[in-house]
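Since the structure comes first, as structure tokens, the remarks are kept for the end.
In what follows, chains carry the letters A, B, and so on, assigned in the order in which the sequence lines appear, proteins first and then strands, with residues in each chain numbered from 1.
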There are 2 protein chains.
Amino acid sequence: MSTITDVAREAGVSVATVSRALRGLDRVSPRTRERVLKVAEDLDYVASPTATSLASGRTQVVGVVAPFLMRWFFATLVSAIEKTLRQHGHHVLLFDLEDDSDNQRLPLSQNMLWKRVDGVITLNLPMTDQELELVDRLGLPLVAIGTAVADRPNVRIDDALAMRLATEHLVSLGHERIAYIGAIPSNVAHIQTPQARLEAFREVMRSHGLEEHKQWILGSAWTADSAAEDMRTLLASADRPTAVAAASDEMAIGAMAAARAQGVRIPEDLSVIGIDDHALSNVLGLTTVRQDVAAQGREAAEILLRALGYGPSGGGPTEVVVPTELIVRSSTAPPAS
Amino acid sequence: MSTITDVAREAGVSVATVSRALRGLDRVSPRTRERVLKVAEDLDYVASPTATSLASGRTQVVGVVAPFLMRWFFATLVSAIEKTLRQHGHHVLLFDLEDDSDNQRLPLSQNMLWKRVDGVITLNLPMTDQELELVDRLGLPLVAIGTAVADRPNVRIDDALAMRLATEHLVSLGHERIAYIGAIPSNVAHIQTPQARLEAFREVMRSHGLEEHKQWILGSAWTADSAAEDMRTLLASADRPTAVAAASDEMAIGAMAAARAQGVRIPEDLSVIGIDDHALSNVLGLTTVRQDVAAQGREAAEILLRALGYGPSGGGPTEVVVPTELIVRSSTAPPAS
DNA sequence: CTGAAAGCGCTTACAG
DNA sequence: CTGAAAGCGCTTACAG
């Protein structure tokens, strides 16, 4: 592979001139620039990013950090972020912080970031003080999707609003006996989403004077399997709800499946609603509150790009709340009187 | 942040010695090494990867390239690969080659790889000749998961065997009228999986003397939505199958949902089987042929690491076929007499 | 508009 | 066992 020196020699100019010409800087005569471009093209020249980085201090790489990657929400974000960044000449270095051998996640460390990325995007990841201090010390701009990180730019949906939409939908259908799936104990993590959604559910119930049954608030682990298991227990009892609001579609899908497996018809015997509009929700007929996950990824990438000095330098929003929308399908209906 | 020069000064040795000591090379006295280690620790020293790369020619980064990222199969692979590589001090640069604005995928280009990655892992990605030539020219080792790439190391399941297991299961239950979902026209892509699975299906049908109905071979686009749509058409006709084999669980899930929505009971009226053991298959009761996707990611990462000179240099397998297993759940049963 | 030179922070022979 | 020096391939003031 050819280097900048090869191009300079071939074009009969200095490497400094080649560097300027190729990067489109001022102060290069049109003729010279043209010649350099031609030679570079002929030689299949591509600047060594590693040399460029060492000299310029920028890597054109952004770190994307997630607590896990396999779930639909995260995979969708990563895909959207990668595409947006690549359109602007940037690349994605991926970190999956899930630790299989432990139920604690891995910490973000200096050698993941130092001189390796120009910025960081966190995907629903509560950061520890040390991690935040590290990112600060390294001078890295950061954008948080979902769970907010200190006072950094943040892209998310309005969790409370989303769950309010979901719960109000059930109430408006006439349901009064409503269960909830996805209540994560507040001491487990500083993740805002579960708590905000549960609180919104409670608030709506209260505002309609509806009773909240302790044993109908299920603390499932945000997976379909876990939700299905909790649902089975719930359905085994004599005292059953007529509807269930799940904090995510994956849990809603688990709940629907568990109900059906026990002969409970949906929506005749039980209405189910989720939040997300997961890739499979449409086909499964799940009523849900849609969030545009790809849009969140795109917004976050653009904010970061701006922080890195690309695009319109003029500020731009630093706090984006992506709209949310009720999608009624066949998993919800009025209760069977 | 401190540099190697800072450490050298503080420890009273040359930068060369620091470099050797920190990398655990020979020819450093225990006392010196200890001192250097101590100073480095005190100064929070982490070598600049960009400088290291320029000097050594290695980046400790591997490119992971996929036609799209959002599907369960790909997300699971990426997660497993990332974890395995990170344990060995390597990082993942991610490329999603899906092009939203076009139905052709983006090409792999020189500026994605050149001096940026030490090797490449492809995820079910048929490579063009130019891409292969590029990877060769850059001297990058490559490992292919799923769709094989020329004579490079390859990790996959036995597609034909998997579909044979699925089809034989249906036949052994007594089904004779079996439909197939996921037949991609061979001119669309050089992806082996769809073709290998369809052929295996046909072979099993033939070997049992079962008739293959042209209109029961559905060319769904490997998504649940597409499979559901095709299934609706199929069920609308008077001449119906008693069972359907889908080439992936996502399609099987779509087929099940479409059937149920039309009042077709599963498995009483229709048996459905898939391939994958998708995260939602268990909860949905889908009978399937399980493939261990994470294991494929791990194997591929390890083969690449070996090619890069890590771990036992002694060869090791270069062709891995991960085993596959029939998981019978509630979506399959003997036909209704 | 263009070039010579220093510098980015490491690794790697080469001496000793 | 250790150090001085060249080199990796760019960018960036500084002169001119």
Side-chain angles (χ1 to χ4, degrees), chain A residues 1-37 39-40 43-61 89 110-111 113-118 138-139 309, chain B residues 1-37 39-40 43-61 89 110-111 113-118 138-139 309:
Chain A
M1 303 301 318
S2 44
T3 70
I4 197 173
T5 311
D6 299 327
V7 178
R9 187 184 338 100
E10 199 73 18
V13 296
S14 70
V15 298
T17 298
V18 174
S19 176
R20 287 188 207 104
L22 258 27
R23 285 180 300 146
L25 297 187
D26 281 353
R27 319 233 140 209
V28 179
S29 79
R31 304 194 48 228
T32 307
R33 184 189 306 279
E34 213 172 315
R35 184 147 34 91
V36 171
L37 255 35
V39 172
L43 296 182
D44 262 340
Y45 172 73
V46 170
S48 156
T50 168
T52 300
S53 297
L54 183 57
S56 71
R58 316 202 91 185
T59 60
Q60 312 267 88
V61 172
Q110 180 163 330
N111 76 71
L113 305 177
W114 168 231
K115 289 290 182 190
R116 196 157 253 147
V117 302
D118 292 343
L138 300 182
Chain B
M1 301 300 318
S2 44
T3 70
I4 197 172
T5 311
D6 299 327
V7 178
R9 187 184 338 101
E10 200 73 19
V13 295
S14 71
V15 298
T17 298
V18 174
S19 176
R20 288 187 207 105
L22 258 27
R23 285 181 300 145
L25 297 188
D26 281 355
R27 318 233 140 209
V28 179
S29 80
R31 304 193 48 227
T32 306
R33 183 188 306 277
E34 213 171 315
R35 184 147 35 90
V36 170
L37 255 36
V39 172
L43 296 182
D44 263 341
Y45 173 74
V46 170
S48 156
T50 168
T52 301
S53 297
L54 182 58
S56 72
R58 316 201 92 185
T59 60
Q60 313 267 89
V61 172
Q110 180 163 329
N111 76 71
L113 305 175
W114 168 231
K115 289 289 182 189
R116 197 157 252 149
V117 302
D118 291 342
L138 300 182

To the nearest 0.5 angstrom, please state how far the [atom1] atom of [X] sits from the [atom2] atom of [Y].
X	Y	atom1	atom2	value
B:Arg35	B:Arg33	CZ	CZ	12.5 Å
B:Thr52	A:Lys115	OG1	NZ	11.5 Å
B:Asp118	B:Leu113	CG	CG	11.5 Å

Practice item. Kindly indicate whether the side chain of B:Tyr45, heavy atoms from C-beta on, has any atom under 4.5 Å from the side chain of B:Val39. Key: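 Not touching, per the 4.5 Å side-chain cut-off.
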
Practice item. Can you see which heavy atom on A:Leu54 is nearest to which on B:Ala51, and at what distance? Key: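 Reported closest heavy-atom pair: CD1-CB, 3.8 Å.
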
Exercise for review: Write down the atom of A:Ala21, the atom of A:Leu37, and the distance for their closest heavy-atom approach.
Suggested key: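 Result for this residue pair: O-CD1, 4.2 Å.
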
Exercise for review: Not counting sequence neighbours, list each pair that qualifies as a side-chain hydrogen bond (donor to acceptor under 3.5 Å, both in side chains) and has a residue in residues 3-20 of chain B.
Suggested key: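 side-chain hydrogen bond (donor to acceptor under 3.5 Å, both in side chains) check on residues 3-20 of chain B returns B:Asp6-B:Arg9, B:Ser14-B:Thr17, B:Ser19-B:Arg23.
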
**Study point:** B:Ser53 and B:Thr50: side chain donor to acceptor below 3.5 Å
**Key:**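 Side chains of B:Ser53 and B:Thr50: no pair found under 3.5 Å.
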
Review point. Side-chain N or O of B:Ser29 less than 4.0 angstrom from OP1 or OP2 on D:dC1?
Key: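 So the side chain of B:Ser29 is outside the cut-off, no N or O lying under 4.0 Å from OP1 or OP2 of D:dC1.
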
Exercise for review: Report yes if a side-chain nitrogen or oxygen of A:Ser14 is closer than 4.0 Å to either non-bridging phosphate oxygen (OP1 or OP2) of C:dT2; otherwise report no.
Suggested key: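 No, outside the criterion.
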
Review point. Could you spell out the base pairing of DNA chain C in dot-bracket, with Watson-Crick or G-U pairs whose two distances are under 3.5 Å, [ ] crossing and | to another strand?
Key: |||.||||||||.|||

**Study point:** Selected nucleotide, minimal atom distance to A:Thr32 side chain, candidates D:dT2, C:dG3, C:dC1
**Key:**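 Of the candidates, C:dC1 comes closest.
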
Exercise for review: Encode nucleotides 8-16 of chain D as B, S and - characters from 5' to 3', where the letter depends on protein heavy atoms closer than 4.0 Å: B to the base, S only to sugar-phosphate, - to neither.
Suggested key: BBBSBB---

